[in-house]
Student: 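Please read through the structure below; I'll follow up with questions.
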Amino acid sequence: MLTTIGDISARVGENVRLGVWLYNKRSSGKIQFLQLRDGTGFIQGVLVKKNVTPEVWESASGLTQESSLYVEGRVRADERSPSGYELDVTSIEVIQLAEEYPISLKEHGVEFLMDHRHLWIRSPRQHAILRIRGEITKAIQNWLDEQNFTLVDPPVLTPSSCEGTTNLFHTKYFDEDAYLTQSGQLYMEAAAMALGRVYSFGPTFRAEKSKTRRHLIEFWMIEPEMAFVDHEESLRIQENMLSHVVQHVLEHCQAELKTLNRDISYLQNVKAPFPRITYDEAVDLLNREGMEFTWGEDFGAPHETKIAESFDRPVFITHYPADIKAFYMKPDPKRPEVVLCADLIAPEGYGEIIGGSQRIDDPNLLEERFQQHQLSQEAYGWYMDLRKYGTVPHSGFGLGLERTVSWICGLDHVRETIPFPRMLNRLYP
RNA sequence: UCCUCAGUAGCUCAAUGGUAGAGCGCCCGGCUGUUAACCGGUAGGUUGCAGGUUCGAGUCCUGCCUGAGGAGCCA
């Protein structure tokens with residue numbers, strides 16, 4: 001019966017058996033310190049030569065980095081340990097003596113680490129990030145489930161573009177052309193008309209030659225879509241969901257945030273409501289701050305960073321010009337040149353983490369948009385049907401998981417937020 | 001696609017156009033509280049590839065390859 005390191009605090013004074021890997025070892029002539037990890041945490045095993053059998057001492061002496069083993073010993077609370085606990089090792093059963101491990105404890109370059117991503121994820125920092133990613137996913141799904149959303153899975157293989165803008169990954173579907181999805185949104189609109197409040201959680205693909213710290217070729221999105229919900233209510237749902245996620249991580253991932261040296265004072269402010277400014281106000285703000293920007297352009301990364309600097313929590317930018325947004329967004333009835341949409345910009349220069357809008361519900365207007373954007377009736381007929389058979393006001397948004405993880409963890413690149421990143425020059429491992 | 005920078009030992013990096021080096025890791029030895037432990041020793045090289053200039057190129061020139069950061073696009 002194995003104990004896990006994560007549960008060790010409840011086993012002080014007891015003899016336990018752990019299945020572990022050797023992360024590091026320090027030794028002197030008569031005492032050895034084994035840094036052990038089992039996926040749930042890290043603990044130091046201690047062997048004093050005069051207190052263990054010669055066999056145990058010898059097998060410890062021969063251990064190499066990342067060797068796999070079962071250890072038995074007594075759990076002891078110790079103030080000298082960063083985790084507060086140590087294990088006095090009494091027995092070692094080597095499963096495998098590992099070959100020389102490529103990743104030493106000294107510094108490494110990005111290329112080397114990415115080539116060894118399958119091993120790199122064992123290190124404390126990567127371990128902490130992936131644990132936080134898991135908790136973020138859990139918090140989002142728990143919150144949406146509590147709000148009576150239904151999880152719906154849109155297709156990954158699609159016949160055409162959802163938005164018609166970005167480059168898609170092309171593949172064959174027997175004799176037809178097919179593409180990997182870049183967004184499940186249009187399908188989620190159909191699902192919302194069937195189930196009311198729905199969300200998808202899955203991978204999306206963009207064949208863009210983007211090469212920055214905020215871009216992946218394959219990334220994960222959460223896309224809620226809600227019938228009978230207008231733009232304003234959608235914003236309230238977004239800010240409440242994200243507040244819940246951040247507070248959940250602060251509560252459940254203290255050790256991981258500490259491993260990452262994350263300054264959590266930036267995160268403690270992240271509580272609804274979030275500030276809202278219109279696109280017009282954002283343009284004024286940029287001009288006041290000395291950045292040249294003309295109405296009608298889209299914001300670039302430096303603009304988003306500058307806007308975010310004026311706020312202590314994520315900020316919504318609303319009412320963008322219709323011309324720079326997707327065809328399905330509903331125009332503001334009071335001002336048809338702008339649409340009922342919002343991008344949520346994270347603090348500290350992390351950029352856009354949510355994009356959302358109220359959707360066009362009027363069949364005639366949608367028809368008009370199809371013609372303007374030269375979208376074929378053949379490909380989008382089913383989407384048009386949603387407006388013919390009981391159309392209702394509805395809204396939705398998409399949250400980029402990796403950018404959210406990157407921001408909450410305080411990372412400088414999204415490549416560390418996903419186990420095996422797919423990037424412009426990276427398909428291996 | 002464009003702009004900028006970089007490729008030297010397993011890793012991280014040095015080396016005026018003149019004998020290719022250090023730290024870490026591996027291996028051997030030492031050390032009873034180490035925190036990327038420390039101390040001593042051994043081994044380890046087609047300087048990204050192909051040309052060119054030169055008495056002589058890791059170093060200068062040209063082309064290519066690979067990677068990094070950024071732009072555009074986006075989440």
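Owing to the predicted nature of the structure, the values given are computational and were not obtained by experimental measurement. Heavy atoms only: backbone and side chains are in, while hydrogens, waters and symmetry mates are out. Sequence lines set the chain letters: A, B, ... in the order given, protein chains first and strands last, and positions in each chain run from 1.
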Student: Can you tell me how far C1' of rC74(B) sits from CE of M221(A), to the nearest Å?
Tutor: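 Distance check: M221(A) CE to rC74(B) C1' gives 10 Å.
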Student: How does RNA chain B look in dot-bracket form if you count Watson-Crick and G-U pairs under 3.5 Å, write [ ] for pairs that cross, and put | where a base pairs with another strand?
Tutor: (((((((..((((....[..))))..((((.......))))......(((((..]....))))))))))))....
Student: Under 4.5 Å between any side-chain heavy atoms of S183(A) and E223(A), yes or no?
Tutor: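 A side-chain contact under 4.5 Å exists here.
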Student: State whether R214(A) places a side-chain N or O below 4.0 Å from either non-bridging phosphate oxygen (OP1 or OP2) of rA71(B).
Tutor: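 Answer is yes, contact under 4.0 Å.
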Student: At less than 3.5 Å, do the side-chain atoms of Q32(A) and the base atoms of rG33(B) form a donor-acceptor pair?
Tutor: no
Student: Identify all pairs in which a protein N or O lies below 3.5 Å from an N or O of nucleotides 24-31 of chain B, and state each distance.
Tutor:
residue: rC26(B); atom: O4'; partner: E100(A); partner atom: OE2; Å: 3.3
residue: rC31(B); atom: N3; partner: S27(A); partner atom: O; Å: 3.4

Student: Are any of R415(A)'s side-chain N or O atoms less than 4.0 Å away from OP1 or OP2 of rG69(B)?
Tutor: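 For rG69(B), OP1 or OP2 has a side-chain N or O of R415(A) closer than 4.0 Å.
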Student: Does a donor on one side chain sit under 3.5 Å from an acceptor on the other, for Q358(A) and S234(A)?
Tutor: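 No, no side-chain donor-acceptor contact under 3.5 Å.
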Student: Can you classify the ring geometry of H127(A) versus F42(A) as parallel (below 30°), tilted (30 to 60°) or perpendicular (above 60°)?
Tutor: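 The rings of H127(A) and F42(A) stand perpendicular, inter-plane angle above 60°.
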Student: Return no unless some side-chain N or O of H215(A) is found under 4.0 Å from OP1 or OP2 of rA71(B).
Tutor: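 No, outside the criterion.
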Student: How about Q126(A) and R117(A): do any of their side-chain heavy atoms sit closer than 4.5 Å?
Tutor: yes
Student: Using the aromatic ring of F219(A) (for Trp, its six-membered ring), decide whether it stacks on the base of rA75(B) within the limits of 5.5 Å and 30°.
Tutor: yes
Student: Taking atom types as they are modelled, would you say the side chain of E111(A) forms a donor-acceptor pair with the base of rU66(B) within the 3.5 Å cutoff?
Tutor: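 Answer no: no donor N or O sits under 3.5 Å from an acceptor.
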Student: Please say which of Y199(A), W382(A), Y383(A) ends up in a ring pair (Phe, Tyr, Trp, His ring centres under 6.0 Å) with Y187(A).
Tutor: W382(A)
